[in-house]
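Order of listing sets the numbers, starting from 1, for every ligand and every atom in it.
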Amino acid sequence: MVRNRTTITFYGGVDEIGGNKVLLKDRDTRVFFDFGMSFALKKLFYSPPFLSPKSGKSLREFGILPKLDGIYRFDDTEPQVDAVFISHGHLDHSAYLSFIKREIPVYCGETTSTVLKAQSEIRRPDLEFDLEGLDFITFRTGKKIHVGSLEVEPIHVDHSVPGAYGFVIHTSNGSIAYTGDFRHHGAKREMTADFVLKAQESNPVATITEATNMTGASVSSEAEVEKKLNDIVTQTHGIVLAEFAYADVDRFNSFYRVAKRNHRCLAISMKQAHLLNALRADKGLSLPNVNDKDIMIFRKSKSTRYKWEEKVENQCPGQVKTAFDLSKQQNKVVLAMSFFDLEELVELQPQPGSCYVLSASEPFNEEMEIDYSRLVNWLQHYGLPQYHVHVSGHMMPLELKAMLRKIDAKAVFPVHTENTELFVKFMKDIRGKIIYTERAKEYNV
Ligand SMILES: [Zn+2]
Ligand SMILES: [Zn+2]
């Protein structure tokens, strides 16, 4: 009897945005879905760079890594997990693969593997993000993967990074749908609809759903973002400075099209150029070539050059521009720059009539607020008005409810949210049982 049990345990993503680590046990099979970094949990004990974890053991000590044996490189026990499935390449779902025993296979989408590999070339390997030696097995949507007693069906979803998947997992006790991170207002909403349909058809006993946006939700779309960006760029006489996530290719496409329409070039960072080069082979993404005449590559002034940066420079020699180069053609450029590039403004000297577009989420925690107040000081110093134009990578509450109704699972587990209680109350009138998800508790399905 006991051998036929199917259970789910949440080791991260509970009462926090990200850090998902879901252990599914079915008969003798044990599989993790996502193995992300828990920013919130880590912050309870650490304050980098002066108080940083020294080893995986420290992270396990505080439950930032699950307190389990047979998973980590730093313990000598036999592997006790059969596989890890990664829904997408964001670090809050994937970074802690760093600690996984190298003999445990890691399944992820083809594009996710490209994103992760490009990211690990860009970041120098550190304790919390080192993918060296992992055995990636890639899939595309519609594939069926057998691991022990489980059959796992990855189905594409729309999210703010390419190659995001949800999973329909067929267990000995019925199917479980796991959304990963998803939305229904992005450039490829039909992919999310595909997932919802597959989940519904599987007649699931449980849905594990992200519930990020229970507060501060909005009604918008990537198409609307593009339109607003166009309005701003059309009216700007100087340089347009823009902050957006470098792995968000939909946002990149929006900026690229808007720049082009306004006879400007889009100047992207070296790391975005590196990622785009890596993703070029993916025909499903329809990305422009980095060598395109409407793209420039912004080189920050610094003394060290990494190998991947040299590769980018050699591939696109005529397109690499410095702050000094761009300062001479401000009304011809939309410059993608992050908070960490602000120092470049000293060389760039934005001319009057320039502006700054924050095309990323607003600060949602204390540390980000501190950084944000510095950003405000920089913008004030250079006389740059700030516009906020963004749409979330996550599902909005009313749409989420409609989808959960459609999927109609017997039980619903919210993860990836700081508002579990609100979610439970808001979803109460759907047919399935809404579970108040708790950390490290084993649930029977
Ligand atoms: Zn996430
Ligand atoms: Zn994500």
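Salt bridge Glu61/Lys67: absent, no basic N to carboxylate O contact under 4.0 Å.
Nearest N, O or S atom of Asp181 to the Zn ion (ligand 2): atom OD2. In terms of distance to the Zn ion (ligand 2), the nearest N, O or S atom of His159 is named NE2. Among the heteroatoms counted here (N, O or S) of His90, ND1 is the one nearest to the Zn ion (ligand 2). Looking at His88 and the Zn ion (ligand 2) together, the shortest N, O or S contact belongs to NE2.
The aromatic rings of Phe255 and Phe244 lie parallel to each other, their planes meeting at an angle below 30°, with 60° marking the opposite boundary. Using cut-offs of 30° and 60° for the angle between ring planes, the Tyr178 and Phe33 rings count as perpendicular. Below 30°, between 30° and 60°, or above 60°: for Tyr72 and Phe35 the angle between ring planes is between 30° and 60°, a tilted geometry.
Rounded to 10 degrees, the NE2-metal-NE2 angle spanning His416 and His93 at the Zn ion (ligand 1) equals 100°.
In this structure, Lys401 is positioned above the aromatic face of Phe426, its NZ or CZ under 6.0 Å from the six-membered ring centre and within 45° of the axis.
Residue contact annotation: Asp92 places an N/O/S atom under 2.8 Å from the Zn ion (ligand 1).
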